[in-house]
Asks: 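If you scroll down you'll find the structure; I have some questions about it.
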Number of protein chains: 2
Amino acid sequence: MKKKALVNNTPVCQVRMQAISDAMSLLSGKWKFHILGTLIEGDKLGFMDLLREINGIGTKMLSKELQDLEMNNLISRKVMNTKPITVEYSITEYGRTLSALIDELAKWGIEYRKSVYGKL
Amino acid sequence: MKKKALVNNTPVCQVRMQAISDAMSLLSGKWKFHILGTLIEGDKLGFMDLLREINGIGTKMLSKELQDLEMNNLISRKVMNTKPITVEYSITEYGRTLSALIDELAKWGIEYRKSVYGKL
DNA sequence: CCCCCCGGTTTCCAAAAGGGAAGCACTTTC
DNA sequence: GAAAGTGCTTCCCTTTTGGAAACCGGGGGG
């Protein structure tokens, strides 16, 4: 007699697992949460602004991640008719639905850091 | 005159960014949320149980991820004195503090899937 | 004329992540 | 004594990810 999955065999758990995979396929990588978090805080930002705001990111990654996020409709890109051509990146309405998740992540990270470096 | 970061220059934002990096350094990878989610649902599970519950994972990844999670005190590993030696993996009290985050992730993933495959 | 700023793309490369298959030690069951 | 189950580790390989640096084109300033 072969054993089968017990916990995750229920439809509700299969859906949860699928959902986690779905979400991670959009949000994985070192920078996506940083970019989204920055755009949620600061309304409209240019490419160079983001490069300055997000410590450690380089032009290649920023450009690639912005394309990914735009493709998934989480952020929007608008080219402005200014004298030196500028681009405005901003969070979309849909991207804003991630703010609860990002808040949870940041909240947990803050508590984690407290637990590691002691209760001062 | 050199421009400086405006949005993330505030201490509160620096802390958030740091927190996001901290959290992701523990939780990154393809399987950690699945393992944690499964252990939150099902109380105590053996290695082979997890292998069956988590669709697609192989022994190598499971073993490695379990070690990572144990090192960070998110799960606990207890070797049992049973006839065929068995190991019980379970979520720690600390690991359980992730359930809100995992719920948010799953919730968002479910809504995302709905938005992609239309409102049926 | 040269350089800097904006907003990127391209190239090259190193490191990390991930997966398959096999092996290993031990025990029970057939 | 052979197979099967439990809990891994090791090896080898491919894919993915990430980063530094160069380059590009247009515009403005000195």
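Note on naming: letters A, B, ... go to the chains in the order of the sequence lines (proteins, then strands), and numbering restarts at 1 for each one.
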Asks: Between B:Trp31 and C:dA17, is there a contact of a side-chain N or O with OP1 or OP2 at under 4.0 Å?
Replies: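 Checking C:dA17 against B:Trp31, no side-chain N or O comes under 4.0 Å of OP1 or OP2.
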Asks: Quick one, A:Ser63 with A:Thr59, criterion side-chain hydrogen bond (donor to acceptor under 3.5 Å, both in side chains). Give me CA distance, side-chain angles, the key distance, then yes/no.
Replies: CA-CA 6 Å; A:Ser63 149; A:Thr59 60; over 6 Å; no
Asks: So does A:Lys107 pair up with A:Glu104, basic N to acidic O under 4.0 Å?
Replies: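 Salt bridge between A:Lys107 and A:Glu104, a charged N being under 4.0 Å from a carboxylate O: yes.
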Asks: Specify the separation, in whole Å, of atom CD1 of A:Ile35 and atom P of D:dG18.
Replies: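 Whole-Å distance recorded here is 11 Å.
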Asks: Report the nucleotide, chosen from C:dG8, C:dC6, D:dG7, that has the shortest atom-to-atom distance to any side-chain atom of A:Arg77.
Replies: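 The closest nucleotide is C:dG8.
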Asks: What is the distance, rounded to the nearest whole Å, between atom CE of A:Met24 and atom C1' of D:dT17?
Replies: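 A:Met24 atom CE is separated from D:dT17 atom C1' by 16 Å.
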Asks: Just by modelled atom types, is the B:Leu39 backbone N or O under 3.5 Å from a matching donor or acceptor in the B:Asp43 side chain?
Replies: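 Checking the backbone N and O of B:Leu39 against the side chain of B:Asp43, no donor-acceptor pair under 3.5 Å is found.
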Asks: Taking 4.0 Å as the cut-off, does a side-chain nitrogen or oxygen of A:Arg52 come that near to OP1 or OP2 on C:dG7?
Replies: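 Looking at the OP1 and OP2 atoms of C:dG7, neither is under 4.0 Å from any side-chain N or O of A:Arg52.
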Asks: Are B:Ile102 and A:Val12 linked, directly or through other ILVMFWY residues, by side chains that come within less than 4.5 angstrom of each other?
Replies: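 Per the 4.5 Å side-chain linkage, B:Ile102 and A:Val12 are not co-clustered.
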Asks: Check B:Arg96 with B:Glu93, please: is the shortest side-chain N to carboxylate O separation under 4.0 Å?
Replies: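 Looking at B:Arg96 together with B:Glu93, the answer is no, because their closest N to O distance does not fall below 4.0 Å.
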Asks: Could you run through nucleotides 25-30 of chain C and give me one letter per nucleotide, 5' to 3': B if any protein heavy atom sits under 4.0 Å from the base, S if only the sugar-phosphate is that close, - if neither?
Replies: --SS--
Asks: Starting from P on C:dG8, measure out to CG on A:Leu69 and report it in whole angstrom.
Replies: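 To the nearest whole Å, that distance equals 13 Å.
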Asks: Mind calculating the distance between CD (A:Glu53) and P (C:dC6) to the nearest angstrom?
Replies: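 These atoms are roughly 13 Å apart.
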Asks: Hey, is A:Glu65 close enough to A:Lys32 for a salt bridge, meaning N to O under 4.0 Å?
Replies: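 Judged by the 4.0 Å cut-off on N to carboxylate O distance, A:Glu65 and A:Lys32 do form a salt bridge.
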Asks: Run the salt-bridge test on A:Lys44 and A:Asp49 with the 4.0 Å N-O cut-off and return the result as yes or no.
Replies: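 Looking at A:Lys44 and A:Asp49, the cut-off is not met.
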Asks: Please report the distance, rounded to the nearest Å, between CD1 in A:Ile57 and C1' in C:dG7.
Replies: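 To the nearest whole Å, that distance equals 14 Å.
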Asks: Does anything in residues 59-68 of chain A come within less than 4.0 Å of DNA chain C? Heavy atoms only, and list the residues if so.
Replies: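 Of all residues in residues 59-68 of chain A, the ones placing a heavy atom under 4.0 Å from DNA chain C are A:Thr59, A:Lys60, A:Ser63, A:Gln67.
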Asks: Which atom names give the shortest non-hydrogen contact between A:Ile75 and A:Thr92, and what distance separates them?
Replies: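 Of all heavy-atom pairs spanning A:Ile75 and A:Thr92, the closest is C-CG2, 3.4 Å.
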Asks: Compare side-chain N and O positions of B:Tyr89 against OP1 and OP2 of D:dT6 and report whether any pair is under 4.0 Å apart.
Replies: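 False: B:Tyr89 side-chain N/O out of range (4.0 Å or more) of D:dT6 OP1/OP2.
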Asks: What is the distance, to the nearest angstrom, from the CZ atom on B:Phe47 to the P atom on D:dT6?
Replies: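 To the nearest whole Å, that distance equals 11 Å.
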Asks: Enter the distance from A:Arg16:CZ to B:Phe33:CZ here, rounded to the nearest 0.5 Å.
Replies: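 It comes to 11.5 Å.
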Asks: Nearest-Å distance, CG (B:Leu51) to P (D:dT9)?
Replies: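 Value for this atom pair: 13 Å.
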